[in-house]
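The structure presented is a predicted model; accordingly, all values stated were derived computationally and were not measured.
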Amino acid sequence: MFTEFDQRMMARALRLAERGLYTTDPNPRVGAVITVGEQIVGEGWTDPVGGPHAEVNALRGAGASSRGATVYVSLEPCSHHGRTPPCSDALIAAGVRRVVCAVGDPNPLVDGSGISQLRTAGIEVESGLLAQHAEQLNVGFFKRMKRGLPYVTVKVAASLDGKVALRNGASRWITGEPARRDVQRLRARSSAVLTGIGTVLADDPQMNVRDPGIEMRGRQPLRVVCDSRLRMPSTARMLVLAGATLVYTTATAGAKALEAAGAGVQTVPADARGSVDLAAVLRDLAARHCNEVLVEAGPVLSGRFLELGLADALITYLSPMLLGGDARSMLALPAIDDMQQRLELDLVEQRQLGKDIRFTWKPRDRNQG
């Protein structure tokens with residue numbers, strides 16, 4: 001049975017974990033608090049890849065006070081040798097008495113073995129405190145470990161009548177500065193930002209994080225372009241920026257020129273339309289340790305992710321303006337002639353950002369009826 005103090009300390013561990021929101025990828029965001037009685041003696045969160053995990057940072061802060069202490073950690077301590085030694089070994093060596101985990105680690109290399117190792121060493125272990133919050137903080141890590149796919153968010157900025165650009169393609173700026181800053185934060189937490197070749201040819205986007213107020217610790221999300229016919233120009237602006245660019249294609253001609261310009265080129269199967277198979281793209285991104293993928297694309301590619309059931313979330317930034325009937329619609333979806341074919345969404349969150357409203361939607365499984 002968890003006490004009110006346990007609740008407060010785990011909530012503190014989760015707030016610490018959030019400090020790694022933009023820096024720990026592809027590792028999970030984890031926080032830890034060490035207490036003696038009801039006094040905090042150490043706390044920490046996971047460093048960027050290759051650095052100490054949350055438990056080790058907290059133990060360093062607590063020092064000798066760790067012996068006989070209680071440790072609150074937002075994810076089961078790892079029990080395997082990766083880039084760093086097992087956190088379970090560090091906790092045992094420190095002589096802690098009790099460990100409270102928010103949730104188990106879905107990584108097959110851990111998946112209960114960390115808890116088992118601690119219990120074998122005589123440490124009291126409890127799990128399940130604020131588990132839903134902990135999973136949501138690492139939603140992409142959990143999905144990748146359980147299903148071999150990243151968590152996919154489709155982002156759209158549109159007018160109140162559902163338009164993303166004028167007929168001539170002009171779209172700057174539909175949303176205001178607060179909404180655009182929020183998009184920077186979405187990019188910063190993502191493992192990869194994905195777009196289509198149409199957007200590249202039309203806008204030559206940078207697809208990087210440019211907000212100086214976001215601490216990335218040198219990290220940039222992977223820039224991903226879906227380009228079935230390999231029309232990606234070797235002069236694209238994103239190719240000269242910090243971080244990596246990866247182009248998925250069904251073609252091979254032109255790959256060497258792109259690679260010489262700094263892009264990675266990956267061939268994947270074509271789908272029934274002759275475009276890159278998006279499911280294959282996502283499987284490959286998961287194999288590259290991508291937890292969260294943000295789709296910032298045109299109506300066709302964005303709509304395709306939703307049509308195929310590959311999007312876990314849709315975020316729409318709606319601006320109080322009307323662009324008219326001949327403007328470009330926010331999503332290109334196939335026509336339907338039966339209401340049973342409709343795609344339904346559940347509203348998860350709404351938030352005011354300056355003059356705009358951000359809505360977060362979860363696509364409903366069509367099998368739910």
Side-chain angles (χ1 to χ4, degrees), residues 12-31 43-54 57 74 133-134 136-141 144 150-157 172-195 199 203-225 237-246 285 288-297 312-317 319 348-360:
R12 172 64 182 167
L14 286 162
R15 288 194 297 272
L16 291 168
E18 289 172 355
R19 298 190 185 185
L21 189 64
Y22 308 131
T23 59
T24 66
D25 191 85
N27 288 341
R29 300 129 183 167
V30 183
E43 56 185 23
W45 60 94
T46 298
D47 277 359
V49 173
H53 291 184
N57 282 327
S74 60
H133 187 164
Q136 188 59 37
L137 184 60
N138 290 297
V139 63
F141 178 78
R144 178 167 68 88
Y151 186 90
V152 177
T153 298
V154 175
K155 177 235 104 181
V156 178
R172 295 185 180 180
W173 293 100
I174 288 179
T175 54
E177 183 61 29
R180 296 199 295 273
R181 285 199 304 269
D182 193 65
V183 171
Q184 290 285 302
R185 289 188 285 271
L186 281 181
R187 288 182 184 178
R189 69 170 291 163
S190 300
S191 309
V193 181
L194 183 150
T195 196
T199 298
D203 300 333
D204 195 16
Q206 297 182 72
M207 291 173 58
N208 61 348
V209 179
R210 300 184 293 277
D211 188 333
I214 299 176
E215 175 57 59
M216 298 283 289
R217 303 284 291 271
R219 191 184 75 83
Q220 281 285 342
L222 174 68
R223 296 179 289 270
V224 176
V225 179
R237 284 195 300 170
M238 67 178 71
L239 297 180
V240 298
L241 300 174
T245 299
L246 179 61
L285 288 173
R288 296 173 187 267
H289 301 154
C290 288
N291 294 327
E292 299 180 27
V293 174
L294 177 65
V295 178
E296 291 192 69
D312 298 287
L314 169 66
I315 292 180
T316 57
Y317 296 87
S319 181
V348 176
E349 180 191 40
Q350 67 181 63
R351 186 190 314 169
Q352 187 85 32
L353 295 169
K355 66 183 179 68
D356 307 310
I357 302 178
R358 166 181 154 163
F359 294 93
T360 302

Q | Least distance between heavy atoms, Met238 atom then Val225 atom | A | SD-CG2, 3.9 Å
Q. Partners of Asn27 by side chain to side chain donor-acceptor pair (under 3.5 Å), sequence neighbours excluded?
A. none
Q: State, yes or no, whether a side-chain contact exists between Leu21 and Leu137 at a heavy-atom distance under 4.5 Å.
A: yes
Q) For Gln220, what residues pass the side-chain contact (heavy atoms from CB on, under 4.5 Å) criterion, not counting sequence neighbours? A) Asn208, Val209
Q.
Restricting to side chain to side chain donor-acceptor pair (under 3.5 Å), what partner residues turn up for Thr23, sequence neighbours left out?
A. none
Q | Exercise: identify the closest heavy-atom pair between Arg288 and Leu246 | A | NE-CD2, 3.5 Å
Q: Check salt bridge (charged side-chain N to carboxylate O under 4.0 Å, His left out) between Arg187 and all other residues, then give those that pass, not counting sequence neighbours.
A: Glu296
Q.
Taking side chain to side chain donor-acceptor pair (under 3.5 Å) as the definition, give me every residue that meets it alongside Ser191, ordered by chain and number, with sequence neighbours left out.
A. Asp25
Q. Which residues pass the side-chain contact (heavy atoms from CB on, under 4.5 Å) test with Thr199, sequence neighbours left out?
A. Thr195, Asp203, Pro205
Q) How about Val30 and His53: do any of their side-chain heavy atoms sit closer than 4.5 Å? A) no
Q. Given side chains that start at C-beta, do those of Tyr317 and Lys155 come closer than 4.5 Å, heavy atoms only?
A. yes
Q: Determine, for Glu18 against Arg15, whether the closest basic-nitrogen to carboxylate-oxygen distance falls under 4.0 angstrom.
A: no
Q) Within the side chain of Ser319, is there an N or O that forms a donor-acceptor pair under 3.5 Å with the backbone of Ile174? A) yes
Q. Atom CZ in Arg12, atom CG in Leu14: separation rounded to 0.5 Å?
A. 11.0 Å
Q: For Asp312 and Val152, indicate whether the former's side chain and the latter's backbone hold a donor-acceptor pair under 3.5 Å.
A: yes
Q | salt bridge (charged side-chain N to carboxylate O under 4.0 Å, His left out) partners of Arg29, counting only residues at least two apart | A | Glu292
**Q.** Residues which pass side-chain contact (heavy atoms from CB on, under 4.5 Å) with Ala192, listed by chain and number, not counting sequence neighbours
**A.** Leu222, Val224, Cys290, Val293
Q: Evaluate side-chain contact (heavy atoms from CB on, under 4.5 Å) for Tyr22 paired with Arg185, printing each intermediate quantity in order.
A: CA-CA 8 Å; Tyr22 308 131; Arg185 289 188 285 271; 3.5 Å; yes
Q. Which residues pass the salt bridge (charged side-chain N to carboxylate O under 4.0 Å, His left out) test with Arg237, sequence neighbours left out?
A. Asp204
Q: Kindly write out the residues that satisfy side chain to side chain donor-acceptor pair (under 3.5 Å) with Gln206, not counting sequence neighbours, or none if the list is empty.
A: none
Q: State whether the side chain of Glu177 and the backbone N or O of Ala179 hold a donor-acceptor pair below 3.5 Å, judged by distance alone.
A: no
(Q) The criterion is salt bridge (charged side-chain N to carboxylate O under 4.0 Å, His left out); which residues satisfy it with Arg351, sequence neighbours excluded? (A) Asp182, Glu349
**Q.** Derivation and outcome, side-chain contact (heavy atoms from CB on, under 4.5 Å), residues Thr360 and Arg358
**A.** CA-CA 7 Å; Thr360 302; Arg358 166 181 154 163; 3.6 Å; yes
